[in-house]
Protein chains: 2
Amino acid sequence: MNEYDKLKAHVQKRLSITEDELIEFCNAFKIVKVKKRQFIVQPEFVAKNRFYVVQGTFRAYVIGDEGQEHTIQFAISDWWISDYNSYIFQQPASMFIVALEDSVILQISHEAESALKQQRHVFETFFRILAEGTAAYMARRVITNLTKTAEQRYEIFLERYPDIVTKVPQYALASFLGMTTEYLSKLRNRRVSSKT
Amino acid sequence: MNEYDKLKAHVQKRLSITEDELIEFCNAFKIVKVKKRQFIVQPEFVAKNRFYVVQGTFRAYVIGDEGQEHTIQFAISDWWISDYNSYIFQQPASMFIVALEDSVILQISHEAESALKQQRHVFETFFRILAEGTAAYMARRVITNLTKTAEQRYEIFLERYPDIVTKVPQYALASFLGMTTEYLSKLRNRRVSSKT
DNA sequence: AACTGGATTAAGAAAAAAGGTTGAACCAGA
DNA sequence: TCTGGTTCAACCTTTTTTCTTAATCCAGTT
C-alpha cells in the first residue's frame, strides 16, 4: 500500500467515486517527507498547502501574548491539517504546524485544489464534506472547552483519541486540553494509581 | 534602552539626522519576537522584509545540490540581515534565515522602505550606506574565500568577529568558512595547544 | 615517491535541551 | 472553607545536538 492508496481509501470511504476520478484527484497531491521538528506552516508565511498525513504526527499551535503555546490541533495518520484561516483565505498564517516525528504527507496547493473543485462535481463535494467535518469538530471542541472540567476534557480526549494520546508529548496534550503540564501529570498519576 | 533606541543609535552613528527624522524612520519598523529555530526567510517565499537584529543570533544558509548547508551570513545584535536577492528584487528567496536563539528583531517591509527612500534624502542616504557596506563586505568575503587557506580564513574571522565565534555553533561556522566541522575542530585544538 | 591541506567515515564523549514529575504555596469561585 | 486548578522551583531522565578524536583516503605539489 503506497502513499496514494491510503488517500484513495480515505476518499472512497466518504463518497462514491470512479477509479479515474480518484486518479485525477491523487495527481493533484505531492508526496513530501518531513523530519521531526520541521515546520510545514509558520506565522507570517501564507499556508500554500493543505496536508493529508500518510504517516507521522503533527501539531498545530499558536503563541499567546505572553509566549505560551496553545495547541490547536493534532494530526496523525489519515488526518488532514493546515492553518485553515491562512489556507482558505490565502492570508499570512498565525500558526506553527510542526512534525512531532519523521513523517510523510501528501500536500495539495491552494491553486490545485481550486482547479479540482471547478473540474468536477465530486471533488467539490469531497472538499465540502471535509470542511463540514472540520467545522463540526471545531464546534465540539469549543463546547467541551467551555463546559467541561480539565479532568473531563482529558477523559473525553482519552476515550475518543486513544491513538493520539500515546503519540504526542504530554506538554502538547496539556496545552491542547487547556491545562498546565503539571496538572496533567497529576491527573494521569491519579488515574493510574486508582486503577491498580 | 528599548528596541528602537538601539536602531536610533545605529543610524546616528552612520549619518547626521534630526530627532524627528529618526522617529519617522523608526515608525516604519515593527518589533517582532522570534523563537529559536524559527525561520524568518524561506526558499519559495518572497522575502518581504529587511531585518535589524536587536537581540539574538541568526544564520542565513542555502542548501546545495547534495543537501549540504552553506552558511552565507550570520547576524547578531546590531546587524542587518535578509536574503537581499529576494528582498531587493522581490523575487522568491533561495535562502533560509533561521534564529539560532530566541531573538528580537525590527523588520521593515519592502514597501515601507521604498516609501522612506522617496520621502527624504537622508533615508535614501542611509540605505545607500547600508547597501555599500553590504557590497563591500560581500566582496571581501569572496576574495578571502578564493585566496586564503582554511586556517587563514578561520584566523581572519576570529580576529574580525570574535563575538560571533562565541555565539554560533561550530558546524555553522565551519560551513561559513567553507570547511568541514571536523577540520575546524582540529584547527582550534592546534591553536589552543600551541598557545599553552 | 613522499608531504601537505583537507575531506570522509565512524565512533564516542560531552553538553545542552526536551520532556516529565513532584511538592509546596497560592488563588478564585461555589 | 473546600475544590479544581495554577504557579514556581527543583530535580530527574531521556533524547538530541554538538564537538572531538582517530583512522583512512585523496589530490596536488615538491
Side-chain angles (χ1 to χ4, degrees), chain A residues 34-39 57 59 61 63-71 74 96 98-102 144-157 164-194, chain B residues 35-38 56-57 59 61 64-71 74 98-103 144-158 164-194 196:
Chain A
V34 304
K35 293 271 203 156
K36 183 171 182 176
R37 277 198 199 111
Q38 194 181 320
F39 292 96
T57 316
R59 172 183 170 233
Y61 64 96
I63 302 226
D65 295 334
E66 278 83 39
Q68 344 81 300
E69 298 184 353
H70 298 283
T71 301
F74 291 116
F96 292 89
V98 69
L100 294 176
E101 61 180 320
D102 291 1
T144 351
N145 283 186
L146 288 175
T147 60
K148 306 292 181 180
T149 67
E151 179 156 21
Q152 290 173 318
R153 295 199 297 275
Y154 174 61
E155 296 287 349
I156 292 169
F157 190 89
I164 295 189
V165 179
T166 64
K167 298 199 91 182
V168 308
Q170 230 160 97
Y171 70 84
L173 180 54
S175 90
F176 179 89
L177 294 173
M179 65 184 83
T180 60
T181 115
E182 293 92 334
Y183 193 60
L184 177 53
S185 177
K186 281 168 200 167
L187 280 186
R188 286 194 130 161
N189 275 333
R190 204 189 290 170
R191 302 186 79 252
V192 170
S193 51
S194 75
Chain B
K35 292 271 200 160
K36 182 170 181 177
R37 283 212 189 96
Q38 195 180 326
T57 316
R59 171 180 170 236
Y61 64 95
D65 296 333
E66 278 85 36
Q68 345 80 302
E69 298 184 354
H70 298 282
T71 302
F74 291 115
V98 68
L100 294 177
E101 60 181 322
D102 290 1
S103 306
T144 347
N145 282 186
L146 289 174
T147 60
K148 306 292 183 181
T149 66
E151 179 157 21
Q152 289 173 319
R153 295 199 298 274
Y154 174 60
E155 296 285 349
I156 291 170
F157 190 88
L158 202 58
I164 294 188
V165 178
T166 64
K167 298 202 89 180
V168 306
Q170 231 160 93
Y171 69 81
L173 180 54
S175 90
F176 179 90
L177 294 173
M179 65 184 84
T180 60
T181 114
E182 293 90 336
Y183 193 60
L184 177 54
S185 177
K186 275 177 205 165
L187 282 185
R188 286 193 129 161
N189 275 333
R190 205 188 290 171
R191 302 185 79 253
V192 170
S193 52
S194 74
T196 48

> Do A:Phe157 and A:Ile164 have side chains that get closer than 4.5 Å, going by heavy atoms?
Replying inline: yes
>> Of the options C:dG23, C:dG5, D:dT20, whose atoms approach the side-chain atoms of A:Lys186 most closely?
In response: C:dG23
>> Students often get this wrong, so: under 4.0 angstrom with heavy atoms, is B:Thr181 touching a base, only sugar-phosphate, or nothing?
In response: base
> More 5' along DNA chain C: B:Met179 or A:Arg37, using each one's nearest nucleotide?
Replying inline: B:Met179
> Of the nucleotides D:dT15, D:dT20, D:dG5, which has the atom closest to the A:Thr149 side chain?
Replying inline: D:dG5
> Are side-chain heavy atoms of B:Gln170 and B:Thr181 found at a separation under 4.5 Å?
Replying inline: no
> Side chain of B:Glu182: nearest nucleotide among C:dA7, C:dT9, D:dT17?
Replying inline: C:dT9
> Between the main-chain N or O of B:Ala172 and the side-chain N or O of B:Arg59, is there a donor-acceptor pair closer than 3.5 Å?
Replying inline: no
> What nucleic acid atoms does A:Tyr171 come within less than 4.0 Å of, heavy atoms only: base, sugar-phosphate, or nothing?
Replying inline: sugar-phosphate
>> Within the 4.0 Å heavy-atom criterion, would you say B:Thr180 contacts the bases, only the backbone, or no part of the nucleic acid?
In response: base
> C:dT21, C:dG20, D:dG4: which one has an atom nearest the side-chain heavy atoms of A:Pro169?
Replying inline: C:dG20
> Just wondering, do B:Arg188 and B:Val165 contact through their side chains at under 4.5 Å, heavy atoms?
Replying inline: yes
